[in-house]
Visitor: 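One structure coming up, written as structure tokens, with questions to follow.
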Amino acid sequence: MVDATKPIRRSPRGAMLGGVCAGIAAWAGWDPSVVRVAYVLATAFSGFLLGLAAYAALWALLPAAE
């Protein structure tokens, strides 16, 4: 279940690149693999550039977890 009061943070635990997908998964209470697969599919169907730009923006904007 998503806790809307808990902030989204990049997670170094389980991170493969920048921790964005792992952080979103931790916030939503999902498995990081599910978020990664959804991200890859969304990026592939959007023409790659939009997905890469979104990941870079989230990497820059989301604070790292302590």
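All values below were derived from every heavy atom in this structure, side-chain atoms included, with hydrogens, water molecules and symmetry-related copies excluded. In this text the structure is predicted, and so the values were computed from the model without any measurement.
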Visitor: When rounded to the nearest 0.5 angstrom, what is the spacing between CG in Leu52 and OG in Ser46?
Guide: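 Those atoms lie 8.0 Å apart.
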Visitor: Okay, side chain of Arg10, backbone of Leu62: is any donor-acceptor separation there less than 3.5 Å?
Guide: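 Yes: the side chain of Arg10 pairs with the backbone of Leu62.
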Visitor: Any side-chain to backbone donor/acceptor pair from Trp27 onto Lys6? Under 3.5 Å, distance only.
Guide: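 Yes, the answer is positive, given that a donor and an acceptor are paired below the 3.5 Å cut-off.
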Visitor: Flag yes if Trp30 and Val20 sit in one hydrophobic cluster, no otherwise; membership is Ile, Leu, Val, Met, Phe, Trp, Tyr, and two members link when side-chain heavy atoms are under 4.5 Å apart.
Guide: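 Yes, same cluster.
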Visitor: Same cluster or not: Tyr55 versus Leu49, using hydrophobic residues (I, L, V, M, F, W, Y) connected whenever any side-chain heavy atoms lie under 4.5 Å apart?
Guide: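 No, Tyr55 does not connect to Leu49 through the hydrophobic network.
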Visitor: Cluster question for you: counting only ILVMFWY and a side-chain heavy-atom cut-off of under 4.5 Å, with indirect links fine, are Ile24 and Val37 together?
Guide: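 Ile24 does not cluster with Val37.
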Visitor: Applying a strict under-4.5 Å side-chain criterion to I, L, V, M, F, W and Y, I'd like to know whether Ile8 and Leu17 cluster together.
Guide: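 As far as the 4.5 Å side-chain criterion goes, Leu17 and Ile8 are connected within one cluster.
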Visitor: Is there a path of hydrophobic side-chain contacts, each under 4.5 Å between heavy atoms, that joins Val40 and Val35?
Guide: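 Yes; tracing contacts between hydrophobic side chains, which count when under 4.5 Å, links both residues.
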Visitor: List the atom of Tyr39, the atom of Cys21, and the distance in Å for their closest heavy-atom pair.
Guide: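 So the minimum-distance heavy-atom pair works out to CB-SG, 4.1 Å.
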Visitor: Looking only at heavy atoms, which two atoms of Arg36 and Ala22 are closest? And how far apart?
Guide: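 Minimum heavy-atom contact is NH2-CB, 4.1 Å.
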Visitor: Any side-chain heavy atom of Leu50 sitting closer than 4.5 Å to one from Thr43?
Guide: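 The answer is no, as the side chains (C-beta and beyond) never meet within the 4.5 Å cut-off.
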